[in-house]
Number of protein chains: 2
Amino acid sequence: MSSDDLAPEDAVTETTDADRFTNARAIRSTALFEDYTELIADLTEEFGEARITDIARRLGVTHPTANKAVLRLKREGLAISRPYRGVFLTEAGVAMAKAVKARHRLVVRLLIAVGVPPEAAEMDAEGIEHYVSETTLKAFEAYLDGRD
Amino acid sequence: MSSDDLAPEDAVTETTDADRFTNARAIRSTALFEDYTELIADLTEEFGEARITDIARRLGVTHPTANKAVLRLKREGLAISRPYRGVFLTEAGVAMAKAVKARHRLVVRLLIAVGVPPEAAEMDAEGIEHYVSETTLKAFEAYLDGRD
DNA sequence: ACGGAAATGTAGCCGATGCTATATTTCAAA
DNA sequence: TTTGAAATATAGCATCGGCTACATTTCCGT
Ligand SMILES: [Mn+2]
Ligand SMILES: [Mn+2]
Ligand SMILES: [Mn+2]
Ligand SMILES: [Mn+2]
């Protein structure tokens, strides 16, 4: 199980356990932003703007929690807003939302394709989506195309 | 896209967006414990005990971080240890480790089965594993059995 | 036009999870 | 048996992401 089994002499770049965990930690720290941008995009499409109250209700958190998260989004250049007004995504925010939404849908489609009940697929995808790499995404696409 | 499209009069239990996000938040708060118990089980099998230094190195964190996490594990009844000695899992810890390891392997197997390169499968599984429900797990098993 | 309810903002608390710096303990080599 | 290096523990700092309580602003109905 140890990563130096059969360690070769030449300069192969090994993926260590630490690499995997470090990757997962990095993703964990951006997952919340991904959910916020995706949600703000949805609300903007539905209502023309994303109100703090609606964001909080959809996420199942209190409004101060949503407010604080939006402050972080603004600090990171993903959103803009004026006091007591709706929240809007920046270019970067829109780009993130688009990518996240595409991933979300693709993960759900794949789960359903391998036999996961739609309800469970939707539920699990909300967490899984953030950890699916580009490589895996491509594989999902290829799998979904090349069947039936 | 709104969840009250075609809302029925009778008492169907709807899964709201908030339910999904709340579920994902709950899982996020246990994911780290799952990684720790799985890792401690591995190290115990390899070396007869899990030393703080080894835990920290495998996870890619500093040893004070690992130490503090082990304190939380102990508080939650998942591990035991005496000062300056190795860490061991309790019954509950072993049970968690077993379940997590089974999930980890199954997720990797499924990803590979749908065409994800093994390297990427291992990498992504480290995050994905925590969000796979029992229902989805069963579906993965069925899928892996019922092919070839 | 205004008064009150709803929405939004802010202050402050908490635990989790990371870090660095420092203290303490263990253990093996000399 | 001593002692120094490695391992472990602890102290203290920071950010994140939850919460409650309270302050402020907006806006709708009368
Ligand atoms: Mn999500
Ligand atoms: Mn999503
Ligand atoms: Mn993991
Ligand atoms: Mn794992």
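Just so we're clear, the structure is a prediction, and the values are computed from it rather than from any experiment. Below, read A as the first sequence line, B as the second, and so on, with proteins coming before strands; counting in each chain starts at 1.
For the pair B:Leu71 CG and C:dG15 P, the interatomic distance rounds to 15 Å; values are reported in whole Å. Note: CD1 (A:Ile52) to P (C:dA6) measures 19 Å, nearest angstrom. For the pair B:Glu34 CD and C:dT17 P, the computed distance is 12 Å after rounding to whole Å. Look at CD on A:Glu49: it is 13 Å from C1' on D:dC27, rounded to the nearest Å.
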Please table the atom pairs, donor to acceptor, closer than 3.5 Å between any side-chain atom in residues 22-29 of chain A and protein atoms at least two apart or in another chain.
from	atom 1	to	atom 2	distance (Å)
A:Thr22	OG1	A:Ala18	O	2.8
A:Thr22	OG1	A:Arg25	NH2	3.1
A:Arg25	NH1	B:Leu59	O	2.9
A:Arg25	NH2	B:Leu59	O	3.2
A:Arg25	NH2	B:Gly60	O	3.0
A:Ser29	OG	A:Ala26	O	2.8

Less than 3.5 Å apart, which donor and acceptor atoms pair up between the side chains of residues 82-99 of chain B and the rest of the protein, not counting sequence neighbours?
from	atom 1	to	atom 2	distance (Å)
B:Thr90	OG1	B:Gly77	O	2.7
B:Thr90	OG1	B:Leu78	O	3.3
B:Thr90	OG1	B:Ala92	N	3.4
B:Thr90	OG1	B:Gly93	N	3.1

Distance-only check: which donor-acceptor pairs under 3.5 Å involve side-chain atoms of residues 133-144 of chain A, not counting sequence neighbours?
from	atom 1	to	atom 2	distance (Å)
A:Ser133	OG	A:Thr136	N	3.3
A:Ser133	OG	A:Thr136	OG1	3.2
A:Ser133	OG	B:Asp124	OD1	3.3
A:Ser133	OG	B:Asp124	OD2	2.8
A:Thr136	OG1	B:Asp124	OD2	2.5
A:Tyr143	OH	B:Tyr143	OH	2.9

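Under the ring pair (Phe, Tyr, Trp, His ring centres under 6.0 Å) criterion, no residue pair touches residues 30-49 of chain A, with sequence neighbours excluded.
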Polar pairs (N or O, both sides) under 3.5 Å between protein and nucleotides 23-27 of chain C?
from	atom 1	to	atom 2	distance (Å)
C:dT24	O2	B:Tyr84	OH	3.2
C:dT25	O4'	B:Tyr84	OH	3.2
C:dT26	O3'	B:Arg85	NH2	3.2
C:dC27	OP1	B:Arg85	NH2	3.1
C:dC27	OP2	B:Arg85	NH2	3.2

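Residues satisfying the side chain to side chain donor-acceptor pair (under 3.5 Å) criterion with B:Ser81, sequence neighbours excluded, are B:Lys74. Every side-chain contact (heavy atoms from CB on, under 4.5 Å) that A:Thr30 has, sequence neighbours left out, goes to A:Glu34. In this structure, the ring-ring contact (aromatic ring centres under 6.0 Å, His included) partners of A:Tyr131, at least two apart in sequence or on a different chain, are B:Tyr131.
Considering B:Arg58, B:His130, B:His104 as possible partners of B:Asp35, the one that fulfils the side chain to side chain contact (heavy atoms under 4.5 Å, CB included) test is B:His130.
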Subject >> Heavy-atom protein contacts under 4.0 Å, nucleotides 15-21 of chain D, coded B base, S sugar-phosphate only, - none >> reply: -SBBBBB
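Here A:Asn67 does not reach the OP1 or OP2 of C:dT8: none of its side-chain N or O atoms lies under 4.0 Å away.
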